[in-house]
Amino acid sequence: MSSHPIDMRLSPLIGVNQLVVPPTFEADLKGILIPKGYADARIEKLAAEISEAPVKGDLLAICVLNGAMHFYDKLIGQIAQPVEVDTIRLGSYNGTSSTGVIREYPFDYSKCQGRDVLVVEDIIDTGRTLEKLVGRIRAENLLSLRVACLLDKPERRDFTVTLKPDHIGFVIPDLFVVGYGLDFNNRYRGLAHISVLKDELTR
Ligand code: IMP
Ligand code: MG
């Protein structure tokens, strides 16, 4: 039931001139790592896996904003169970390096009590954000908890982090990616394909 992520670490990048990319972004990108259709096809499979586990009542699916919104939208639309939609806003990023300080926005964790909960995140990098969030949710006496993450960058994992997402879309190399909801200083979220930013922009 748990997923076999697709390993993209040795995949050559696709040129920005080989797929449609808005001209304003072209100069900023080193290339495309995961075209949107590939991401969509993988999400279809993650949704099928998630749908296999029995739930009591509606699944409480929590989207970690802002990065996961596109992934979340695609995912919950294909889960074959009734889903209750919720969002939580967290952030630790400033530029391309995790600041280590996780900004917290108000969220009533008690609504997770007695529920089957699915946490939906865009990417696990150092893992600090997700581990902190999941620890907080787990403290609420849940029926079940699963974590779905579109991308995993294992090379950057903090050695203290033990959390492993139950459903992972793709394992990616240690590169800064944007598009498909992911941003760099709040830009590129609307870019269709998961793309790699040029080094000079992220340094
Ligand atoms: P972590 O706490 O280091 O695992 O950071 C996870 C968060 O950092 C994710 O939820 C993303 O919002 C952000 N992040 C990490 N890597 C990238 C990236 O390559 N592109 C865009 N955002 C990223
Ligand atoms: Mg995020």
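When a ligand or atom number is given, it counts from 1 through the structure's own listing order. FYI, the numbering just counts along the sequence from 1.
Heavy atoms of Arg156 found under 4.0 angstrom from ligand 1: none, in either backbone or side chain. The proximity of Val64 to ligand 1, defined as any non-hydrogen pair under 4.0 Å, does not occur for either the backbone or the side chain.
No N or O atom of Phe176 sits closer than 3.5 Å to an N or O atom of ligand 1.
Ring geometry for Phe170 versus Tyr38: interplanar angle over 60°, hence perpendicular rather than tilted (30 to 60°).
Here Tyr105 and Phe107 keep their ring centres 6.0 angstrom or further from each other.
A salt bridge links Asp199 to Lys30: one of the charged nitrogens lies within less than 4.0 Å of a carboxylate oxygen. For Arg157 and Asp152, the salt-bridge test passes: some basic side-chain N is under 4.0 Å from an acidic carboxylate O.
Under a 4.0 angstrom heavy-atom cut-off, Leu90 registers as lying outside contact with ligand 1. At least one heavy atom of Ile123 sits closer than 4.0 Å to an atom of ligand 1. The shortest heavy-atom distance from Lys153 to ligand 1 is under 4.0 Å.
Counting all heavy atoms, side chain and backbone alike, Leu197 lies closest to Leu201 at CD2-CD1, 4.1 Å.
Of all atoms in ligand 1, listed by their number and element, those nearer than 4.0 Å to a heavy atom of Asp122 are 9 (C), 10 (O), 11 (C), 12 (O). Close approach to Thr126 involves these atoms of ligand 1, each under 4.0 Å from a residue heavy atom: 1 (P), 2 (O), 3 (O), 4 (O). Atoms of ligand 1 lying under 4.0 Å from at least one heavy atom of Leu175, given by number and element, are 19 (O). Atoms of ligand 1 lying under 4.0 Å from at least one heavy atom of Thr129, given by number and element, are 1 (P), 2 (O), 5 (O), 6 (C).
Proximity annotation for atom 20 (N) of ligand 1: of Leu182, Val177, Leu65, Val177 comes nearest, heavy atoms only.
With Thr160 contributing its side chain and Asp158 its backbone, the two residues share no donor-acceptor pair below 3.5 Å.
By the criterion of side-chain heavy atoms lying less than 4.5 angstrom apart, applied directly or through intervening Ile, Leu, Val, Met, Phe, Trp or Tyr residues, Ile168 is not grouped with Ile43; the two fall into different hydrophobic clusters.
Under a cut-off of 6.0 angstrom, the local environment of CD in Glu44 is sparse, with at most 12 non-hydrogen atoms contributed by other residues, nucleotides or ligands.
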